[in-house]
Q: 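Starting off with a structure, shown below.
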Protein chains: 2
Amino acid sequence: MPQTHPDPIDPALTGPQAAAQLAARGTSVAPGEPGKPFANMLCFSVYAAQLAFNRLYKQLLAPHGLTYLQYLVLVALAQAEDRTVGELGEVLFLESNTLTPLLKRMEAAGLVSRRRDSADERVVRVALAPAGAAVVAQVECVPLDVLAAIDLPLGDLHQMKSAIDRLSQELRKTPA
Amino acid sequence: MPQTHPDPIDPALTGPQAAAQLAARGTSVAPGEPGKPFANMLCFSVYAAQLAFNRLYKQLLAPHGLTYLQYLVLVALAQAEDRTVGELGEVLFLESNTLTPLLKRMEAAGLVSRRRDSADERVVRVALAPAGAAVVAQVECVPLDVLAAIDLPLGDLHQMKSAIDRLSQELRKTPA
DNA sequence: CTTATTTAGATCGCATACGATCAAATCGTT
DNA sequence: AACGATTTGATCGTATGCGATCTAAATAAG
């Protein structure tokens with residue numbers, strides 16, 4: 001059966017794409033090349049780096065049944081008796097609309113426990129469950145493996161982290 | 001009706017979360033504080049920066065009916081006659097499983113056109129549609145607005161971008 | 001004490017991302 | 001021509017993120 005491709009792309013407006021060649025110097029910090037559309041966009045560099053980090057972590061965490069965000073939650077919980085959903089949101093820069101479904105999945109997987117605070121029934125306290133603590137121990141070496149995969153001087157990484165954190169702070173100032 | 005909270009958190013394993021205090025020095029490049037679980041994780045800094053960028057761009061792009069990724073696609077298409085799905089994937093570091101639904105939504109919105117290559121029917125060529133070109137013109141100033149919101153020296157941003165790009169490259173090497 | 005306001009999570013819909021799989025078209029070899 | 005392997009997108013299921021809205025609990029006002 002030829003000519004019946006899964007997605008034939010029906011009419012489709014052809015359109016005069018002559019309107020190209022627009023500056024498009026997003027978060028521009030330098031003039032751009034034609035082949036590399038995002039060569040000047042700091043935002044894209046951060047975006048691409050996050051994709052790369054996420055993919056590398058995914059490879060290392062998937063065998064333990066963890067996603068990167070779930071790993072972050074476990075790390076955050078490993079350093080405290082428990083944390084409320086709001087406190088988790090503060091350290092992760094996320095809201096309950098993201099955290100609640102995430103924490104429910106993690107609870108279903110036996111990684112964390114969720115409990116209403118008896119003093120304030122609005123508050124949900126999240127803590128590491130036994131299985132979660134076990135997984136935390138298993139993935140303890142993952143960050144070092146990632147670090148080992150990066151062939152750059154530790155000092156450079158320190159500087160980079162400080163710089164990115166400053167940038168982050170600046171970006172979080174404005175939205176208000 | 002009291003005591004019937006939307007999500008009561010049924011049995012929930014209480015669990016001895018005593019297994020905390022684990023090093024958890026993810027992508028660690030320095031010793032950590034108790035209150036800041038990710039103070040040493042470069043990966044988290046990148047993650048948080050990406051969230052912050054995305055939120056700021058969302059504010060500026062939403063009035064034009066664009067998401068950040070859709071904006072990136074338009075920028076990429078503004079600099080070329082057209083691009084195949086694969087070529088878009090190369091510059092955006094994404095695969096067809098993400099791009100195809102995205103491009104279909106953008107086509108439905110009249111932002112881009114999708115066409116099978118007549119020479120090779122496997123290939124889909126994506127180009128800027130009239131409405132897409134118009135939106136590109138409208139959002140031309142967005143990157144400068146973002147840049148203006150960042151109270152840091154341009155030189156620092158240049159350096160930061162170079163450093164992040166190097167990091168990105170390193171991270172993309174390993175997965176193979 | 002009763003009502004209005006605030007606060008903490010939860011819910012819903014939509015838009016990314018990605019692993020796994022599939023279909024169609026092309027290419028390479030015979 | 002024919003058939004297997006490769007290439008290019010598309011499809012599906014799941015997990016983030018987030019705007020908008022909702023509920024219940026706690027608090028403030030009267």
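Below, all heavy atoms of this structure are taken into account, side chains as well, without hydrogens, waters or symmetry copies. Here is how names work: the chains are called A, B, and so on, in the same order as the sequence lines, proteins then strands, and each is numbered from 1.
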Q: Does a nitrogen or oxygen in the side chain of A:R114 sit under 4.0 Å from OP1 or OP2 of C:dA10?
A: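 Indeed, a polar side-chain atom of A:R114 lies that close.
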
Q: For B:L103 and D:dT8, give me the distance from atom CG to atom P, rounded to whole Å.
A: 16 Å

Q: Rounding to a whole Å, what distance do you find between B:K104:NZ and C:dC14:P?
A: 17 Å

Q: With rounding to the nearest 0.5 angstrom, report the CG to CD distance, B:D151 to A:Q169.
A: 12.0 Å

Q: For B:L88 and D:dT8, what is the distance between atoms CG and P respectively, to the nearest whole Å?
A: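 To the nearest whole Å, that distance equals 14 Å.
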
Q: Can you tell me which nucleotide in C:dG9, C:dA17, D:dA10 comes closest to the side chain of A:T100?
A: C:dG9

Q: Return no unless some side-chain N or O of A:T84 is found under 4.0 Å from OP1 or OP2 of C:dA8.
A: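 So the side chain of A:T84 is outside the cut-off, no N or O lying under 4.0 Å from OP1 or OP2 of C:dA8.
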
Q: Measure the distance from CG on A:L61 to P on C:dC18 and round it to the nearest whole Å.
A: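 Computing the A:L61:CG to C:dC18:P distance gives 14 Å.
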
Q: Whole Å only: how far is the CZ atom of B:R172 from the C1' atom of C:dC18?
A: 16 Å

Q: Side chain to side chain donor-acceptor pair (under 3.5 Å) with A:Q138: which residues, sequence neighbours excluded?
A: A:H64

Q: List, with names and distances, any nitrogen or oxygen atoms from the protein found under 3.5 Å away from nitrogen or oxygen atoms belonging to nucleotides 5-7 of chain D.
A:
from: D:dT7; atom 1: O2; to: B:R122; atom 2: NH1; distance (Å): 3.0

Q: Should the pair A:E107-A:K104 be classified as a salt bridge under the 4.0 Å nitrogen-to-oxygen rule?
A: no

Q: What is the distance, to the nearest angstrom, from the OH atom on A:Y47 to the P atom on D:dG17?
A: 12 Å

Q: At under 4.0 Å, does any side-chain N or O of B:T67 touch on OP1 or OP2 of C:dT16?
A: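 Affirmative; the distance criterion is met.
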
Q: So which one's nearest nucleotide on DNA chain D is more toward 5', A:D120 or A:Q70?
A: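 Of the two residues, A:Q70 wins.
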
Q: So, using side-chain contact (heavy atoms from CB on, under 4.5 Å) as the criterion, who are the partners of B:A62 when residues are at least two apart?
A: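 Expected list: none.
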
Q: Without decimals, in angstroms, what is the distance between A:R116 CZ and D:dA24 C1'?
A: 8 Å

Q: Side chain to side chain donor-acceptor pair (under 3.5 Å) with A:D145: which residues, sequence neighbours excluded?
A: none

Q: Write out a two-atom table: protein N or O, nucleotide N or O from nucleotides 18-22 of chain D, distance below 3.5 Å.
A:
from: D:dC18; atom 1: OP1; to: B:R55; atom 2: NE; distance (Å): 2.4
from: D:dC18; atom 1: OP1; to: B:R55; atom 2: NH2; distance (Å): 3.1
from: D:dC18; atom 1: OP2; to: B:R55; atom 2: NE; distance (Å): 3.4
from: D:dC18; atom 1: OP2; to: B:R55; atom 2: NH2; distance (Å): 2.4
from: D:dC18; atom 1: N4; to: A:N97; atom 2: O; distance (Å): 3.4
from: D:dG19; atom 1: N7; to: A:N97; atom 2: ND2; distance (Å): 2.8
from: D:dG19; atom 1: O6; to: A:N97; atom 2: ND2; distance (Å): 3.1

Q: Which residue, A:V123 or A:Q50, contacts DNA chain C at a nucleotide closer to its 5' end, judged by nearest heavy atom?
A: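 Result: A:V123.
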
Q: In whole Å, I'd like the distance from the CG atom of A:L99 to the C1' atom of C:dG9.
A: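 Rounded to the whole Å, the gap is 10 Å.
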
Q: Step through the shown structure and confirm whether more than 12 heavy atoms of other residues, nucleotides or ligands are within 6.0 Å of CD on A:E95.
A: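 Not buried by this count: 12 neighbours or fewer within 6.0 Å.
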
Q: Start at the 5' end of DNA chain D and walk down; is the nucleotide closest to A:M106 or to A:D117 reached first?
A: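 Whichever sits nearer the 5' end wins; that is A:M106.
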
Q: Only counting residues at least two apart or in another chain, list the ones meeting side chain to side chain donor-acceptor pair (under 3.5 Å) with B:S168.
A: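 In terms of side chain to side chain donor-acceptor pair (under 3.5 Å), with neighbours along the sequence ignored, B:S168 is linked to B:R172.
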
Q: Who are the side chain to side chain donor-acceptor pair (under 3.5 Å) partners of B:N97, not counting sequence neighbours?
A: none

Q: Return the set of residues passing ring pair (Phe, Tyr, Trp, His ring centres under 6.0 Å) with B:F38 (not counting sequence neighbours), or none when no residue passes.
A: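 For B:F38 the ring pair (Phe, Tyr, Trp, His ring centres under 6.0 Å) partners, ignoring immediate neighbours, are B:F44.
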
Q: Residues two or more places apart in sequence or in another chain: which of them pass side-chain contact (heavy atoms from CB on, under 4.5 Å) with A:Q159?
A: none

